[in-house]
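Every value quoted in this text rests on a predicted model; they were computed, and no experiment measured them. So you know, we letter chains A, B, ... as the sequences are listed, proteins then strands, and number each from 1.
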Amino acid sequence: MSAVRVRMAPSPTGYFHVGSARTALFNWLFARQQGGQFVLRIEDTDLARNRADATAGIERAMTWLGLDWDEGPYFQSERAQLYEAAIGRLLSKGLLYACDCTSQQVAERNQAAGRPPGYDGFCRERGLEPSPGRALRFRTPHQGRTSWADVVRGEVSYDNASIEDFAVRKSNGQALFILANVVDDADMGITHVIRGEDHVPNTPKHILLWDALGLGPHPVFAHLPLLVNAARKKLSKRRDKVALEDYRDEGYLPEAMFNYLALLGWSPGGDREILSREQLVSEFRLDQVKSSPAFFDEQKLAALNAEYLRALSPSDFTARASEWLASRWSPIAPFVQERARTLSEVYSMVDFLFLPEVRTDPAEWAKVRRQHPAFVALLEAASAGYEQCEWEPASIRQATQEAGAAVGVSALAKAQAPVRLAVTGRTVGPPLFESLHLLGRSRALARLAAARERALREDAASAASPPA
RNA sequence: GCCCCCAUCGUCUAGUGGCCGAGGACACCGCCCUUUCAAGGCGGAGGCACGGGUUCGAACCCCGUUGGGGGUGCCA
């Protein structure tokens, strides 16, 4: 009886997707309940899209959720020799062949022949020598079927003839995910591969490679249902709010998120929904996970979060809320410290970070408008610059300076005043560029637009009824 | 196009052949409580995609249809 070993294998894309969080959670629950190990492995075979700071983000997010790992993180980028050894073995068995087709050539041949997309096996019998500049492809068998008993979906089966000769090594010599994944799962003794449904089509390839490498019995596969948006499409970074840290920043409690995620695709049965971490560990059943996609419903998450909030003692609630509040403004705390004479003044210097819309003193508004004839033009120029620039204090400063110059305001100080009023509602406060940075681009732009409209409305009104 | 998968209220789900005249939760509506708003209590509307089988009996099993999704990269 071998102990359960599962793994979470994210690619370092710069943020931790809620779908990844759910996958990580189910792996973690299964490992903890079975008394097994949970391994963290970073799938960074594609150096081109690797982000140096991404791993830290993944670790931070998992730690926030309370998912601790027993081993790792391992990095595929440091394990290339292992993949090379596996490639050597496959090569010696004649299971790999070199290919110098470009994807464009493949596409053109397919189109010309009226074939569906996918590699056409052009080099399969050409006998090309493996060499730099040539990719290596797996010689997929043309007969037979590849199937497995998926823990959540039951028997899944593919006709081998429908599986293309997929690449395992790029022409630049780098091993591909599909190969690295199999080699690592074997090397790390992974017993259960629990991952998203989007990996189902990869699974027959994994099994084929696994067997070709003679790695013994393959792991048990469990493909979790996808998390979808309101349109029932896979959650994606472009369309949807998918970064776990965004939910954290908006004040969701990790224990509520933990509980909610556990309910996506699984249920304890009966009427219960609020379950502690311990209850989830003991009651979770991998083989009861549903196979249909689940909508990530923030409204329901919020309701659950509210229940967790109410369940806190008043002192715990105060502590958690204070901690969150502090985390929101602490990046500019040193600047506030220099300017505040009393603690009570701190509030008026940071309130713009918390208010949904700025509150502007009418007298200050009037004063700034009087002193800055180019008010509207400046806001417009600043908005245009802010949309383009990198969202860092130095770049924001430069964009502001350029916006000022564009409307004939050469002094940076003069260019700042209208922006500050629009964005913070005040004429004094912590340094503007740090404040903007912390506020975030979208909120900053929205406030600039609101102030501009207000000014235009006033101008229109005064033009309609000129003062006597 | 081809391959694979999925299908219970708007949403997350309970349901594994009789306990289902289908239960809970979120959202929605109404009432109560209440100085307000929440919270809480009570009630309401709302679903087994469709068609064939199998069976004494089907939300549950089988087949088909329809609808939806995933994949189809020298990405992961």
Side-chain angles (χ1 to χ4, degrees), chain A residues 9-13 17 20 41-50 76 98-107 110-111 114-119 123 133-137 145-148 150 152-181 195-205 223-235 260-274 287-307 309-311:
Chain A
S11 62
T13 48
H17 194 288
S20 300
R41 181 173 81 217
I42 308 297
E43 307 228 309
D44 57 350
T45 51
D46 189 4
L47 267 16
R49 46 179 75 194
N50 202 350
Q76 291 191 327
C99 169
D100 60 1
C101 302
T102 64
S103 47
Q104 194 183 354
Q105 289 169 335
V106 176
N110 284 337
Q111 190 152 27
R115 274 192 308 257
Y119 187 64
C123 296
R134 286 175 182 166
L136 250 27
R137 291 183 178 277
R145 299 189 72 81
T146 298
S147 349
W148 72 95
D150 198 285
V152 340
R153 336 187 79 81
E155 192 77 9
V156 183
S157 179
Y158 280 80
D159 186 345
N160 290 340
S162 73
I163 303 169
E164 63 175 337
D165 286 352
F166 54 93
V168 298
R169 191 174 75 183
K170 296 196 214 182
S171 53
N172 69 7
Q174 203 168 82
L176 281 152
F177 146 82
I178 198 115
L179 192 267
N181 195 272
R195 63 193 355 173
E197 187 192 335
D198 42 348
H199 283 291
V200 168
N202 289 327
T203 306
K205 299 177 185 174
H223 287 97
L224 308 175
L226 249 25
L227 259 32
V228 299
N229 62 19
R232 304 214 70 83
K233 302 267 196 246
K234 181 166 89 163
L235 245 32
Y260 179 65
L261 252 17
L263 262 20
L264 253 24
W266 176 78
S267 154
D271 296 342
R272 292 175 314 141
E273 288 193 323
I274 305 281
D287 59 4
Q288 280 172 9
V289 170
K290 304 242 312 174
S291 46
S292 48
F295 171 50
F296 185 88
D297 185 358
E298 191 176 354
Q299 222 166 23
K300 177 111 186 193
L301 204 214
L304 200 64
N305 199 61
E307 280 211 54
L309 244 21
R310 272 180 245 117

Using the [atom1] atom in both, what is the distance from [N] to [M], to the nearest Å?
| N | M | atom1 | result |
| --- | --- | --- | --- |
| A22(B) | U8(B) | C1' | 8 Å |
| G51(B) | G10(B) | C1' | 26 Å |
| A27(B) | G21(B) | P | 30 Å |
| G40(B) | U55(B) | C1' | 48 Å |
| C37(B) | G30(B) | P | 13 Å |

Are OP1 or OP2 of [N] and a side-chain N or O of [X] less than 4.0 angstrom apart?
| X | N | answer |
| --- | --- | --- |
| Lys170(A) | G73(B) | no |
| Arg195(A) | G70(B) | no |
| Lys290(A) | C12(B) | no |
| Arg272(A) | A25(B) | no |

If you draw a 6.0 Å radius around CD in Glu155(A), do more than 12 non-hydrogen atoms from other residues or ligands fall strictly inside?
yes
Go through [options] for me and flag the one nearest to the [X] side chain.
| X | options | answer |
| --- | --- | --- |
| Asp271(A) | G70(B), G24(B), A76(B) | G24(B) |
| Val156(A) | A14(B), G73(B), C4(B) | C4(B) |
| Ser291(A) | A7(B), G69(B), G1(B) | A7(B) |
| Glu273(A) | A39(B), G71(B), C12(B) | C12(B) |
| Ser292(A) | G1(B), G69(B), A7(B) | A7(B) |
| Glu164(A) | G73(B), C6(B), C12(B) | G73(B) |
| Asp198(A) | G71(B), G40(B), G69(B) | G71(B) |
| Val200(A) | C4(B), A7(B), G70(B) | C4(B) |
| Glu43(A) | A14(B), A76(B), C4(B) | A76(B) |
| Phe177(A) | A76(B), G1(B), C74(B) | A76(B) |

Answer yes or no: side-chain N or O of Ser171(A) and base N or O of C74(B) forming a donor-acceptor pair under 3.5 Å.
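A donor-acceptor contact between them is present.
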Hey, does the Lys NZ or Arg CZ of Arg137(A) hover above the aromatic six-ring of Tyr119(A), less than 6.0 Å from the centre and inside 45° of the axis?
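Yes, a cation-pi geometry.
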Would you call the rings of Phe296(A) and Tyr260(A) parallel, tilted or perpendicular if under 30° counts as parallel and over 60° as perpendicular?
perpendicular
Rounded to the nearest Å, what distance is computed from the [atom1] atom of residue [X] to the [atom2] atom of nucleotide [N]?
| X | N | atom1 | atom2 | result |
| --- | --- | --- | --- | --- |
| Leu179(A) | C74(B) | CG | C1' | 13 Å |
| Lys300(A) | C9(B) | NZ | P | 14 Å |
| Lys234(A) | C5(B) | NZ | P | 18 Å |
| Asn172(A) | C75(B) | CG | P | 8 Å |
| Gln299(A) | U11(B) | CD | P | 13 Å |
| Phe166(A) | G73(B) | CZ | P | 13 Å |
| Ile274(A) | C12(B) | CD1 | P | 18 Å |
| Tyr158(A) | C2(B) | OH | P | 15 Å |

ring centroid sep under 5.5 Å plus plane angle under 30, His199(A) with A76(B):
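Given the distance and angle limits, yes, they stack.
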